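Please read these numbers as outputs of a predicted model, since none were measured by experiment.
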Amino acid sequence: MRIGYPCINLGIGCKAAKTFRLKSYSEERLKQTVENNLSCLEQILKFNLTNNLFFFRITSDLIPFASHTINRFNWKDYYRSKFASIGVFIRKNRMRISMHPDQFTLINSLDETIFERSKKELYYHSKVLDLMELDASTKIQIHVGGVYGDKQKSIERFVDRFNNLEKSVKRRLVIENDDVSYTVSDCLQISDQIRVPILFDVFHHQINNSGPAKEAFELCAKSWDSERDGIPMVDYSSRNPSGSQRNHADSIDLKDFERFLVKSRPFDFDIMLEIKDKEKSAIKAINFAMRDIRVQEFLGSLC
DNA sequence: TCACGTCAAGCAGAT
DNA sequence: ATCTGCTTGACGTGA
């Protein structure tokens with residue numbers, strides 16, 4: 001069991017998600033920004049290592065406008081060795097990496113042009129991970145997408161479109177239950193047809209339910225082929241007690257986290273903490289989870 | 001230095 | 001109709 005947090009480290013003093021406006025696009029500006037982002041990513045990973053955080057989600061903003069038509073710059077070749085050396089660090093330290101394209105990436109959109117853009121965006125994500133030479137256990141997670149007034153048709157469209165994606169994308173893609181539309185059992189329906197792993201989102205499941213969490217989690221876990229996909233990944237958060245129902249917590253509720261650790265035994269998986277104060281809560285969580293046998297086993301397997 | 005209008009992309013639910 | 005949340009405010013202009 002590894003524990004991690006998404007995209008941004010709030011204490012380190014740099015961000016790997018620096019971007020700029022489309023209007024100010026220039027190759028110079030792009031290079032400057034990417035160099036900042038890659039160097040910050042290295043700093044974050046080093047920080048994570050010293051804090052026993054072996055799971056991290058790389059921001060989609062790493063290469064701004066990566067899949068946009070304005071971008072004619074060959075960033076793949078230009079930064080090839082930089083990506084490779086970051087990949088060496090990740091593999092050497094047995095870190096797990098994931099990415100999560102944002103809400104504009106829609107495989108099942110009714111609009112072909114949105115699907116075409118989404119394909120390019122997914123290809124960008126897979127290219128970053130390929131350049132780091134990370135294996136197929138390094139996942140790209142997306143939601144199923146919109147319902148468009150007919151969930152069954154939208155699920156069918158997802159399946160058809162999925163089959164249409166490049167191999168390099170398909171091998172990394174996992175789907176995640178969301179908080180408004182697609183439940184775990186909806187995801188299972190898709191997974192049964194195209195053998196795509198399901199990432200269990202604990203918080204979304206609480207809000208958008210298709211049955212008891214334990215069963216849902218077990219079914220999701222089964223959808224991962226540990227040989228190829230690695231152990232399952234889970235998104236964990238609790239509700240912000242003073243916010244709306246969909247709001248993520250500002251900082252980790254260790255009591256709730258403890259209940260989750262107990263309930264999820266003996267399954268082993270990697271946990272992404274989607275909590276607003278990022279590495280701060282992640283450090284609290286890993287320090288707390290040091291007593292869990294699954295974390296001990298991972299740390300023990302390192303040296 | 002600061003205020004503040006706006007930002008590549010979409011959907012669903014609340015107001 | 002417009003705003004908000006989503007994994008995250010922060011870019012950039014004008015004063």
Side-chain angles (χ1 to χ4, degrees), chain A residues 4-26 29-30 32-33 36-37 40-41 44 55-71 97-125 139-151 154 157-158 174 176-183 186 199 201-204 207-208 233-240 243-251 271-282:
Chain A
Y5 61 99
C7 305
I8 292 171
N9 181 307
L10 294 170
I12 204 170
C14 73
K15 288 204 159 71
K18 207 172 161 54
T19 185
F20 51 87
R21 296 282 171 260
L22 181 58
K23 267 201 330 206
S24 23
Y25 184 91
S26 73
R29 185 72 188 267
L30 180 73
Q32 262 175 31
T33 308
N36 169 84
N37 289 352
C40 185
L41 175 60
I44 292 172
F55 192 20
F56 185 65
R57 182 185 299 162
I58 294 178
T59 171
S60 298
D61 286 334
L62 192 69
I63 315 284
F65 304 104
S67 69
H68 194 281
T69 49
I70 200 171
N71 186 348
I97 295 295
S98 67
M99 292 186 88
H100 191 339
D102 63 31
Q103 60 272 28
F104 310 108
T105 304
L106 290 160
I107 288 182
N108 76 349
S109 174
L110 291 169
D111 182 341
E112 274 300 326
T113 64
I114 292 176
F115 174 55
E116 285 304 316
R117 276 205 298 271
S118 299
K119 271 210 287 201
K120 291 196 176 82
E121 183 71 358
L122 287 168
Y123 184 69
Y124 148 61
H125 284 78
K139 294 301 187 188
I140 299 170
Q141 63 187 91
I142 52 163
H143 297 293
V144 177
V147 173
Y148 311 102
D150 187 338
K151 192 183 266 185
S154 297
R157 207 164 42 251
F158 184 95
V174 303
E176 175 188 352
N177 57 304
D178 68 72
D179 53 351
V180 285
S181 305
Y182 292 91
T183 62
D186 295 329
L199 188 154
D201 187 308
V202 179
F203 183 50
H204 289 165
I207 303 170
N208 189 22
M233 304 190 320
V234 166
D235 280 357
Y236 168 86
S237 170
S238 54
R239 189 192 149 176
N240 180 345
S244 81
Q245 212 199 201
R246 294 177 70 197
N247 262 188
H248 288 240
D250 289 335
S251 73
I271 309 177
M272 182 62 64
L273 299 172
E274 294 187 331
I275 297 176
K276 294 214 186 287
D277 67 358
K278 303 289 179 184
E279 80 284 357
K280 231 166 141 183
S281 280

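- Regarding contacts with the backbone of B:dG10, every side-chain N or O of A:His143 stays at 4.0 angstrom or more from both OP1 and OP2.
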Pairs under 3.5 Å (Watson-Crick or G-U), crossing ones as [ ], inter-strand ones as |: DNA chain C comes out as ||||||..|||||||
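- Remark: A:Lys151 pairs with A:Asp186 by the salt bridge (Lys or Arg N to Asp or Glu O under 4.0 Å) rule, at least two apart or across chains.
- Listed for the A:Asn208 side chain is a donor-acceptor partner under 3.5 Å among the backbone atoms of A:Asp178.
- Distances shorter than 4.0 Å separate none of the side-chain N or O atoms of A:Lys15 from OP1 or OP2 on C:dT8.
- Between A:Ile142 atom CD1 and B:dC11 atom P there is a gap of 14 Å when expressed in whole angstrom units.
- By the ring-ring contact (aromatic ring centres under 6.0 Å, His included) test, A:Phe55 pairs with no residue at all, sequence neighbours left out.
- Shown here are the ring-ring contact (aromatic ring centres under 6.0 Å, His included) partners of A:Phe158, two or more places apart in sequence or in another chain: there are none.
- Within the structure, salt bridge (Lys or Arg N to Asp or Glu O under 4.0 Å) pairs that include any residue of residues 97-117 of chain A comprise A:Glu112-A:Arg161, A:Glu116-A:Lys119 (at least two apart or interchain).
- Centroid-to-centroid, the aromatic rings of A:Tyr5 and A:Phe56 come within less than 6.0 Å.
- With B:dC11, C:dC6, B:dA12 as the choices, the nucleotide that has an atom nearest any side-chain atom of A:Ser181 turns out to be B:dA12.
- Scored by the ring-ring contact (aromatic ring centres under 6.0 Å, His included) test, A:Tyr182 finds no partners at all (sequence neighbours excluded).
- The nucleotide whose nearest atom lies closest to any side-chain atom of A:Arg117 is, among B:dA8, B:dA12, B:dG10, B:dG10.
- The side chain to side chain donor-acceptor pair (under 3.5 Å) search around A:Glu274 returns A:Arg57, not counting sequence neighbours.
- Among residues at least two apart or in separate chains, side chain to side chain donor-acceptor pair (under 3.5 Å) pairs with a member in residues 59-71 of chain A are A:Tyr25-A:Asn71, A:Ser60-A:His125, A:Ser67-A:Glu121.
- In this structure A:Ile12 satisfies the side chain to side chain contact (heavy atoms under 4.5 Å, CB included) test together with A:Asn9, A:Cys14, A:Gln43, A:Ile44, A:Phe47, sequence neighbours excluded.
- Distances shorter than 4.0 Å separate some side-chain N or O of A:Lys18 from OP1 or OP2 on C:dC11.
- Contacts between residues 103-114 of chain A and DNA chain B, counted as heavy-atom distances below 4.0 Å, involve A:Gln103, A:Phe104, A:Leu106, A:Ser109, A:Ile114.
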Pairs under 3.5 Å (N/O, protein and nucleotides 12-15 of chain C):
{"unit_1": "C:dG12", "atom_1": "OP1", "unit_2": "A:Arg21", "atom_2": "N", "d": "3.0"}
{"unit_1": "C:dG12", "atom_1": "OP1", "unit_2": "A:Ser24", "atom_2": "OG", "d": "2.4"}
{"unit_1": "C:dG12", "atom_1": "OP2", "unit_2": "A:Arg29", "atom_2": "NH1", "d": "3.4"}
{"unit_1": "C:dG12", "atom_1": "OP2", "unit_2": "A:Arg29", "atom_2": "NH2", "d": "2.5"}

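- When the side chain to side chain contact (heavy atoms under 4.5 Å, CB included) test is applied to A:Arg29, the partners found at least two apart in sequence or on another chain are A:Phe20, A:Ser24, A:Ser26, A:Gln32, A:Thr33.
- Contact between the side-chain N/O atoms of A:His100 and the OP1/OP2 oxygens of C:dT7 is found at a separation under 4.0 Å.
- OP1 or OP2 of C:dT7 lies within a sub-4.0 Å distance of a side-chain N or O belonging to A:His204.
- Using P as the reference atom, B:dG13 and C:dT7 are 16 Å apart when rounded to the nearest Å.
- Distance noted for atom P between C:dT8 and B:dC2: 27 Å (whole Å).
- For B:dC11, the OP1/OP2 oxygens have no side-chain nitrogen or oxygen of A:Lys151 closer than 4.0 Å.
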